[in-house]
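Remarks on the structure that follows.
Predicted model only: the values in this text are computed from it and were never measured. When reading the values below, keep in mind they use all heavy atoms of this one structure, side chains included, and skip hydrogens, waters and symmetry mates. Within every chain, numbering begins at 1; the chains are lettered A, B, ... in the order of the sequence lines, protein sequences first and strands thereafter.
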Amino acid sequence: MSSYLDELNGVQRAAVTTTEGPVMVIAGPGSGKTRVLTYRISYLLQKGVPPWSILTLTFTNKSAREMKDRIERVVGPKAQQVWAGTFHAIFARILRAEATKIGYPANFTIYDTDDTTSLIRAIIKEMSLDTNVYNASAIRSRISLAKSNLITPKLYRDKAEMMEEDRTAKRPYLVDIYEKYMARCQRAGAMDFDDLLFQLFRLFRDNPDQVLEKYRQKFQYIHVDEFQDTNYLQYAILRLLVKYEGSGENLFIVGDDAQSIYAFRGATIDNILDFEKDYPTLQTFKLEQNYRSTHHIVAAANQVISYNRRQLNKTIWTDRNERNLIKLVKSVTDDEEGRRVADLILEQRNRYHIPNSEIAILYRTNAQSRKFEEHLRRINIPYRIFGGMSFYQRKEVKDLVAYLRLAVNPLDEEALRRAVNYPARGISDATLDKIAQVAAATNLSMWEAMLHPMLDITDRAKKSLAGFRNMVVDWQKRANTENAYKLASEILRKSGLHDLLKGDTSPEGISRLENVNAVLDAISEFTDSVVLPDPENPDAQNNDKSLSTYLQTISLMTDADEDPDDRDFVTLMSTHAAKGLEFRSVFVTGLEENLFPSFMSMEDPNGIDEERRLFYVAITRAKEYLTITYAQNRYRYGQIRTSEPSRFLEEISPEHFELIGGMGSGRGNNPGPPQPARASVSGNFANPRMPQQKAPIAVPANFITAAPEAIVPGTRVLHLKFGEGKVTQVEGPRDNKVATIVFKEDELPERRIMLKFAKLMVLPAS
DNA sequence: GGGGGCTATGGGGGG
DNA sequence: CATAGCCCCC
């Protein structure tokens with residue numbers, strides 16, 4: 001047997017070698033899930049399965065790329081011929097080959113969130129609706145949700161519940177906006193992110209013999225990573241591909257319900273549950289050994305996640321014996337938090353020789369990054385921020401890309417609006433409004449409406465329009481034949497963008513010019529790269545070097561996919577972006593009520609559970625050192641706000657913490673007796689056993705959180721989660737007291753709770 | 001047509 | 001507070 005199989009533990013090996021039929025791998029954090037996936041694909045390739053009949057769907061381009069590289073190390077270059085990529089990228093590739101069958105051009109444009117929002121805003125205006133009530137981005141997410149659940153505008157009208165929700169929100173015309181939006185996208189030859197799934201579903205469903213059957217035969221082995229984050233529509237497509245008469249049902253899914261953090265965009269845990277129902281012959285493997293993190297990190301993670309109501313049975317454990325306590329850092333302000341984190345990083349580098357690249361600062365919202373930047377800069381620690389505005393969202397880059405998009409697909413309305421009069425060429429807003437009106441009246445795109453006889457504009461405007469059109473038409477003719485780099489450089493100059501940027505000699509202006517030149521460099525790199533073809537699908541090759549393919553590729557990229565330079569930098573990113581990564585030292589920051597958990601989640605118990613899973617993801621990124629921080633005061637919405645420490649801090653026993661900051665502390669409290677890290681996370685969907693699954697504690701209207709001084713041995717207390725209990729012991733320094741409390745109805749005999757976090761009320765003695 | 005300044009609005013995570 | 005959109009003025 002090949003040597004790489006020897007690197008696997010028993011369960012991992014069994015999962016890897018079970019190649020036939022449906023397989024589900026439930027994989028805890030750090031349990032070697034990527035290794036299982038890559039070795040399984042290597043195993044298939046070594047057995048002689050052709051690479052182009054293997055499909056692997058991931059959530060980021062980066063993880064797809066890494067997976068291919070790791071497979072390549074085992075089986076060689078044919079690894080690159082495996083179909084591996086994000087759902088969106090793979091589906092875009094298939095759609096490119098088949099789009100004409102559903103009335104889209106092969107060169108369809110992909111609208112990003114900004115394009116989508118601005119189109120929706122335009123529609124709202126055209127319908128003369130109140131822009132205060134009809135908020136474009138809120139409507140965008142509702143349309144997105146509908147699409148991800150296969151609800152067309154027509155079906156939407158039949159959903160009494162959704163229509164009622166819109167009426168209640170005073171937005172009865174939402175479905176009309178949805179309908180118009182779909183038509184406008186179609187007319188512009190554009191698909192938004194959801195369309196890449198939605199239109200693929202349509203394509204498969206409406207062309208069972210010509211198209212679906214072809215891909216069913218082609219993809220004999222299908223893998224899905226991060227299955228807990230798939231939505232209804234993604235699962236529906238998978239079913240089309242796998243679930244049919246005579247299918248081998250070789251679907252291999254890997255996921256962890258405890259790490260499901262994308263419910264907000266329609267991901268549903270039901271997919272895991274339904275999976276067991278849909279595939280009765282399913283074989284399930286649980287990867288429960290954590291190879292990543294040390295004792296206290298694993299124990300804390302288990303404690304936190306045990307508060308969630310719905311989860312699959314599993315027990316995560318580690319045999320790593322290092323007992324670095326989790327540092328819990330309290331700061332008075334967000335600025336102090338930034339300073340303490342930067343100073344601790346310096347200390348860790350000096351004392352433990354941890355390189356910057358093994359250190360990450362994680363936060364709930366991208367806006368929190370600023371304070372960390374300031375303090376890292378102050379002490380000269382190099383860092384790199386992921387998230388926030390990506391390269392392709394910068395104005396100057398979008399301006400150039402708009403012209404490139406037009407050259408490929410002039411029907412693209414959003415690109416047209418952006419480019420038509422920038423740089424200025426005498427096409428006024430009034431002229432554009434008239435074009436839009438003609439387009440609406442004739443059901444044409446704006447590009448076509450420009451030539452319509454109905455269009456009543458001055459000769460001067462006509463002349464300007466003609467000049468613009470001729471320029472674009474010329475590029476369009478060459479877009480399919482000419483070298484993409486050469487054409488793009490010409491477009492940059494001929495559009496007038498180059499001169500415009502060159503005229504600005506301010507430092508920002510120079511950097512803008514550098515950015516557009518970087519786009520040209522990226523195109524050049526793209527056209528020069530060589531990828532092995534898929535002989536079965538000459539139409540859908542990933543070595544298509546046209547401008548059109550390039551544009552489709554970049555619209556699916558995020559800044560996490562950009563090449564990091566090889567400097568040794570500290571990573572700053574959101575907790576969402578950190579999923580799947582690991583670092584020797586991790587700082588999880590801003591653990592405050594209304595921030596983490598986010599205030600957006602506070603009213604919904606499911607929302608709190610998702611925030612808790614996010615916290616679980618965050619702390620399990622750490623291999624050796626975990627530091628959790630919170631601030632008592634923080635600038636938010638323009639003013640200083642005082643915040644309570646996050647409820648999640650209360651869910652970790654004090655013996656895992658070493659306290660830093662605040663008055664009179666800074667030394668660890670008594671760690672207490674050693675505890676096995678094998679903290680059981682039991683309970684399952686059918687058999688509720690978790691604390692929150694009980695009837696909720698009746699909260700008296702007069703609930704007041706008691707001051708720590710009021711809690712002494714013998715006190716009767718009411719806790720917001722655990723209900724009534726009696727204090728048996730209080731220990732620790734004055735402002736870090738820990739109480740041991742026996743609760744009346746609790747599966748544990750007693751709990752140790754840090755009073756400064758606890759939501760406790762003193763009850764009268766009985 | 002461009003720029004400056006005012007106002008309203010958002011405020012979360014991302015392919 | 002930061003930003004985007006908008007209006008107004010040049």
Measure the distance from CG on A:Leu197 to P on B:dG14 and round it to the nearest whole Å. 18 Å
Identify which nucleotide among B:dG12, B:dG13, B:dG2 has an atom closest to any side-chain atom of A:Met600, counting heavy atoms from C-beta outward. B:dG12
According to the interplanar angle, ranging from 0 to 90°, do the rings of A:Tyr262 and A:Phe264 count as parallel (below 30°), tilted (30 to 60°) or perpendicular (above 60°)? tilted
Rounded interatomic separation in angstrom, taking CZ from A:Phe615 and P from B:dG12: 20 Å
So A:Thr575, base contact, sugar-phosphate only, or nothing? Heavy-atom distance under 4.0 Å. nothing
C:dC6 phosphate, OP1 or OP2, under 4.0 Å from A:Lys125 side-chain N/O: yes
Measuring to OP1 and OP2 of B:dG10, would you say a side-chain N or O of A:Asn135 lies under 4.0 angstrom away? yes
My understanding is that a pair needs two contacts under 3.5 Å, Watson-Crick or G-U wobble. By that rule, which nucleotide pairs with C:dG5? B:dC6
Contact class for A:Phe59 (heavy atom, under 4.0 Å): base, sugar-phosphate, or nothing? sugar-phosphate
Taking pairing as Watson-Crick or G-U wobble with both contacts under 3.5 Å, can you name the mate of B:dG11, or confirm there isn't one? none
Can you check whether A:Ser574 has a side-chain N or O nearer than 4.0 Å to OP1 or OP2 of B:dG12? no
Gap in Å between the two C1' atoms, one belonging to B:dG12 and one to C:dG5, rounded: 22 Å
Comparing nearest nucleotides in DNA chain B, the 5'-proximal residue of the pair A:Pro423, A:Ser555 is A:Pro423
Check this for me, if you would: do A:Arg142 and A:Asp166 make a salt bridge, where the nitrogen-to-carboxylate-oxygen distance has to be below 4.0 angstrom? yes
Roughly, in whole Å, what's the span from OH in A:Tyr616 to P in B:dG13? 24 Å
Measure from CG on A:Asp429 to C1' on C:dC7 and round the result to the nearest Å. 13 Å
Check: A:Thr365/A:Gln368 side-chain N/O donor and acceptor closer than 3.5 Å: yes
Measure from the side chain of A:Arg364, starting at C-beta and using heavy atoms only, and say which of B:dG12, B:dG14, C:dC6 lies closest. B:dG12
In whole angstroms, the gap separating P of B:dG12 from CG of A:Leu362 amounts to 17 Å
Classify the ring geometry between A:Tyr363 and A:Phe372 as parallel (under 30°), tilted (30 to 60°) or perpendicular (over 60°). parallel
Considering every strand and a 4.0 Å limit on heavy-atom distances, what is the contact class for A:Asp112: base, sugar-phosphate, or nothing? nothing
When you measure only distances, ignoring hydrogens and angles, does the side chain of A:Glu611 come within 3.5 Å of the base of B:dG12 through a donor and an acceptor? yes
Given C:dG5, B:dG1, B:dG14, which nucleotide is nearest the side-chain atoms of A:Arg121? C:dG5
Can you tell me the distance, in whole Å, between the NZ atom of A:Lys62 and the P atom of B:dG14? 14 Å
Check whether A:Asn421 reaches the backbone of A:Ala424 with its side chain - one donor and one acceptor, N or O, closer than 3.5 Å. no
Find the distance A:Gln368:CD to B:dG11:P and express it as a whole number of Å. 15 Å
At under 4.0 Å between heavy atoms, what does A:Ile427 touch on the DNA or RNA strands: base, sugar-phosphate, or nothing? sugar-phosphate
Hey, is A:Phe599 doing a stacking thing with B:dG11, by the 5.5 Å centroid and 30° angle criteria? no
Whichever of A:Ala89 and A:Thr365 has the more 5' nearest nucleotide on DNA chain B, that residue is A:Thr365
What is the distance, to the nearest angstrom, from the OH atom on A:Tyr635 to the C1' atom on B:dG10? 19 Å
NA contact type, A:Arg140, heavy-atom cut-off 4.0 Å: base, sugar-phosphate, or nothing? base
Quick one: is A:Arg370 getting a side-chain N or O under 4.0 Å of the C:dC1 phosphate, OP1 or OP2? no
Donor-acceptor pair, A:Ser548 side chain versus A:Asn107 backbone, under 3.5 Å? no
So that I can tick it off, tell me whether A:Arg184 and A:Glu126 are bridged by a salt bridge, with the cut-off set at under 4.0 angstrom between side-chain N and carboxylate O. yes
